[in-house]
A.B. asks: 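Below are the structure tokens for one structure; questions will follow.
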Amino acid sequence: MTGTAPAPFTADDYTARMERAARAAADAGLSGLLVTPGPDLVWLTGYAPTAETERLTLLVLAPGQDPVLVVPTLEAPDAARAPAAPALTLRDWTDGKDPYAVTAALLDAHGRYGISDNAWAMHLLGLQSALPDASYASLTHALPMLRAVKDAAELELLAAAGAAADAAFEEIRGVRFAGRREADVAADLAALLRRFGHSQVDFTIVASGPNGANPHHEIGDRVIEHGDMVVLDFGGLKDGYGSDTSRTVHVGEPTDEERRVHDIVREAQEAGFRAVRPGAACQDVDRAARAVIADAGYGEYFIHRTGHGIGVTTHEPPYMIEGEEQPLVPGMCFSVEPGIYLPGRFGVRIEDIVTVTEDGGRRLNNTTREMVIVE
């Protein structure tokens with residue numbers, strides 16, 4: 001695939017995100033947000049420290065206050081080159097000093113703060129020691145939709161990542177499967193994702209025959225045989241945004257039962273996609289897909305949620321699962337990936353990334369969902 005590199009996000013883009021996050025914190029009754037290295041920090045500032053170490057790095061966002069990034073002095077030069085640096089005040093601390101005292105001076109001693117899920121326990125404990133009357137909530141629980149609604153530029157990047165994953169599938173369906181190890185085909189998939197622009201490959205599931213009945217099968221040395229159903233689930237990051245798609249292929253002609261199960265999953269995936277529209281609840285997508293499989297008599301073999309959000313990570317809120325009443329909003333992106341898993345025999349999963357539009361949904365994966373025969 002060719003094309004010009006996407007325009008990088010600007011300091012203004014990151015400033016808007018930080019302002020939006022601070023407002024969301026206030027609306028949720030929080031005093032502010034404490035963001036440690038990881039996907040939230042990348043999304044808010046474009047800054048990804050070269051190594052996540054025991055030294056505290058922390059973005060402090062609070063309504064009505066300028067954003068402050070607390071960083072170790074030795075990493076301050078890198079932080080100063082971050083895309084969002086013009087909108088940040090850097091507060092550095094040197095080895096031998098107490099970074100929690102530096103941070104505590106920026107916080108309300110009696111406040112309640114949302115904090116990154118992946119914050120190190122030692123850092124949270126340090127903050128609790130410095131501010132014993134403050135309290136904390138994980139960002140996933142306090143602000144689960146913080147990154148859920150994508151803007152036009154993010155949607156373009158997600159669409160490009162999906163197209164790259166589609167190109168990888170079109171290539172992999174032409175390679176030989178029979179007589180090769182799952183690990184060999186997985187390596188082919190990883191190489192294709194990189195060839196089509198991925199900088200990071202997060203997973204390449206190749207689950208053949210009975211291994212296909214395990215949704216998160218770890219690739220191994222099983223030799224793929226003629227007559228196997230093979231679940232392919234692969235994705236990663238391209239230009240900082242995720243791809244994730246699944247297709248199930250068959251080595252040689254399938255049996256009538258295998259074709260029937262594949263057709264049921266395809267119909268379920270279509271039903272889940274048709275349920276996508278603004279105002280519908282996340283659980284409505286799960287219910288629509290699950291009903292098709294249950295009505296066909298395979299309900300007990302659909303053993304996972306129908307979908308998950310995607311953005312700067314390949315798995316994030318929102319989740320398409322029973323009990324999730326969060327309404328869908330234009331700009332949300334998530335997978336729709338029902339499956340049937342018959343223990344000891346085979347599995348089928350079909351997955352597209354879908355974005356909510358003003359009047360429905362749009363697929364970001366567009367390879368065929370019909371049964372594909374491979375050699």
Side-chain angles (χ1 to χ4, degrees), residues 9 13 16-29 39-40 43-44 114 139-163 165-166 235 240-246 265-294 302 304-338 350-366 369:
F9 293 113
D13 294 324
R17 290 178 186 178
M18 288 188 286
E19 290 174 348
R20 170 176 148 195
R23 288 195 302 270
D27 291 343
D40 289 320
W43 184 76
L44 287 164
L139 282 186
T140 287
H141 289 104
L143 291 176
M145 297 299 114
L146 179 63
R147 305 195 315 259
V149 179
K150 276 64 179 179
D151 62 25
E154 291 181 291
L155 290 174
E156 186 176 340
L157 289 167
L158 283 161
D166 284 357
Y241 280 76
S243 68
D244 185 2
T245 188
S246 300
V265 174
R266 180 173 52 79
E267 291 166 9
Q269 207 272 345
E270 177 65 23
F273 170 69
R274 288 199 304 267
V276 175
R277 62 185 183 279
C282 290
Q283 67 181 3
D284 293 340
V285 179
D286 182 84
R287 288 174 174 177
R290 199 169 299 275
V292 173
I293 292 174
F302 181 10
H304 56 72
R305 65 197 175 200
T306 293
H308 58 81
I310 191 169
V312 293
T313 60
T314 49
H315 287 75
E316 62 186 45
Y319 298 105
M320 306 302 113
I321 190 170
E322 180 66 31
E324 179 51 79
E325 298 180 350
Q326 169 68 40
L328 300 181
V329 176
M332 283 183 175
C333 290
F334 47 84
S335 65
V336 178
E337 51 177 307
I350 300 172
E351 173 186 14
D352 293 329
I353 299 302
V354 172
T355 183
V356 185
T357 65
E358 295 296 333
D359 57 2
R362 174 169 68 97
R363 299 183 194 268
L364 301 188
N365 295 106
N366 294 289
R369 285 165 285 277

A.B. asks: Mind checking salt bridge (Lys or Arg N to Asp or Glu O under 4.0 Å) for Arg363 and listing every partner two or more places apart, or none if nothing turns up?
C.D. replies: Glu270, Asp352
A.B. asks: Kindly write out the residues that satisfy ring-ring contact (aromatic ring centres under 6.0 Å, His included) with Phe302, not counting sequence neighbours, or none if the list is empty.
C.D. replies: His304
A.B. asks: Just how far is it from atom CZ of Phe273 to atom CZ of Arg369, taken to the nearest 0.5 Å?
C.D. replies: 8.0 Å
A.B. asks: Any idea which heavy atoms bring Ala28 and Leu143 closest together, and the distance?
C.D. replies: CB-CD2, 3.8 Å
A.B. asks: Provide the closest heavy-atom pair for Gly162 versus Ser243 in the form atom of the first, atom of the second, distance.
C.D. replies: N-CB, 4.4 Å
A.B. asks: Are Leu328 and Val285 side-chain neighbours, meaning at least one heavy-atom pair lies under 4.5 Å?
C.D. replies: yes
A.B. asks: Taking side chain to side chain contact (heavy atoms under 4.5 Å, CB included) as the test, write out the residues that go with Phe9, two or more places apart.
C.D. replies: Asp13, Tyr14, Arg17, Ala153, Glu154, Leu157, Tyr241
A.B. asks: Less than 4.5 Å apart, side chain to side chain, heavy atoms only: is that true for Arg23 and Glu19?
C.D. replies: yes
A.B. asks: Closest approach of Thr245 and Ala165, non-hydrogen atoms and distance?
C.D. replies: CG2-CB, 4.0 Å
A.B. asks: Show the nearest heavy-atom pair for residues Val336 and Gln269, with the distance to one decimal.
C.D. replies: O-NE2, 3.1 Å
A.B. asks: Run the side-chain hydrogen bond (donor to acceptor under 3.5 Å, both in side chains) test against Glu156 and tell me which residues pass, sequence neighbours left out.
C.D. replies: none
A.B. asks: Verify, without hydrogens or angle tests, whether Asp244 (side chain) and Gly235 (backbone) share a donor-acceptor contact under 3.5 angstrom.
C.D. replies: no
A.B. asks: Going from CG on Leu155 to CG on Leu364, what distance comes out if it is rounded to the nearest 0.5 angstrom?
C.D. replies: 7.5 Å
A.B. asks: Heavy-atom distance under 4.5 Å between the side chains of Arg20 and Val149, does that happen here?
C.D. replies: yes
A.B. asks: Using a 4.5 Å cut-off on heavy atoms from C-beta on, say whether the side chain of Met332 contacts that of Pro318.
C.D. replies: yes
A.B. asks: Could you work out, with salt bridge (Lys or Arg N to Asp or Glu O under 4.0 Å) as the rule, every residue matching Glu337, not counting sequence neighbours?
C.D. replies: Arg349
A.B. asks: Nearest 0.5 Å, what's the CE-CH2 distance between Met18 and Trp43?
C.D. replies: 10.5 Å
A.B. asks: Over all heavy atoms of both residues, which pair between Ala268 and Ile293 is shortest? Give the atoms and the distance, please.
C.D. replies: CB-CG1, 3.7 Å
A.B. asks: Can you list everything that forms a salt bridge (Lys or Arg N to Asp or Glu O under 4.0 Å) with Arg277? Sequence neighbours excluded, please.
C.D. replies: none
A.B. asks: Mind checking what makes salt bridge (Lys or Arg N to Asp or Glu O under 4.0 Å) contact with Arg266, not counting sequence neighbours?
C.D. replies: Asp263, Glu370
A.B. asks: What pairs with Glu267 under side-chain hydrogen bond (donor to acceptor under 3.5 Å, both in side chains), at least two apart in sequence or on another chain?
C.D. replies: none
A.B. asks: Using side-chain hydrogen bond (donor to acceptor under 3.5 Å, both in side chains) as the criterion, list what pairs up with Asp40, not counting sequence neighbours.
C.D. replies: Arg147
A.B. asks: What are the two closest heavy atoms between Ala21 and Leu44, and how far apart are they?
C.D. replies: CB-CD2, 3.9 Å
A.B. asks: Short question: side chain of Ser335, backbone of His308 - any donor-acceptor pair under 3.5 Å?
C.D. replies: yes
A.B. asks: With sequence neighbours excluded, tell me which residues meet side chain to side chain contact (heavy atoms under 4.5 Å, CB included) with Pro278.
C.D. replies: Pro330, Val356
A.B. asks: With rounding to the nearest 0.5 Å, note down the distance linking CE in Met145 to CD in Gln326.
C.D. replies: 4.5 Å
A.B. asks: Identify, with sequence neighbours excluded, every residue that meets side-chain hydrogen bond (donor to acceptor under 3.5 Å, both in side chains) alongside Asp27.
C.D. replies: none
A.B. asks: Without swapping roles, check the side chain of Arg290 against the backbone of Gly272 for a donor-acceptor pair under 3.5 Å.
C.D. replies: no
A.B. asks: Mind checking what makes side chain to side chain contact (heavy atoms under 4.5 Å, CB included) contact with Arg287, not counting sequence neighbours?
C.D. replies: Gln283, Asp284, Glu322
A.B. asks: Check whether any side-chain heavy atom of Lys150 lies under 4.5 Å from a side-chain heavy atom of Thr355, and answer yes or no.
C.D. replies: no
A.B. asks: Counting N and O atoms only, with roles assigned by atom type, does the side chain of Asn365 sit under 3.5 Å from a partner on the main chain of Ile353, one being a donor and the other an acceptor?
C.D. replies: yes
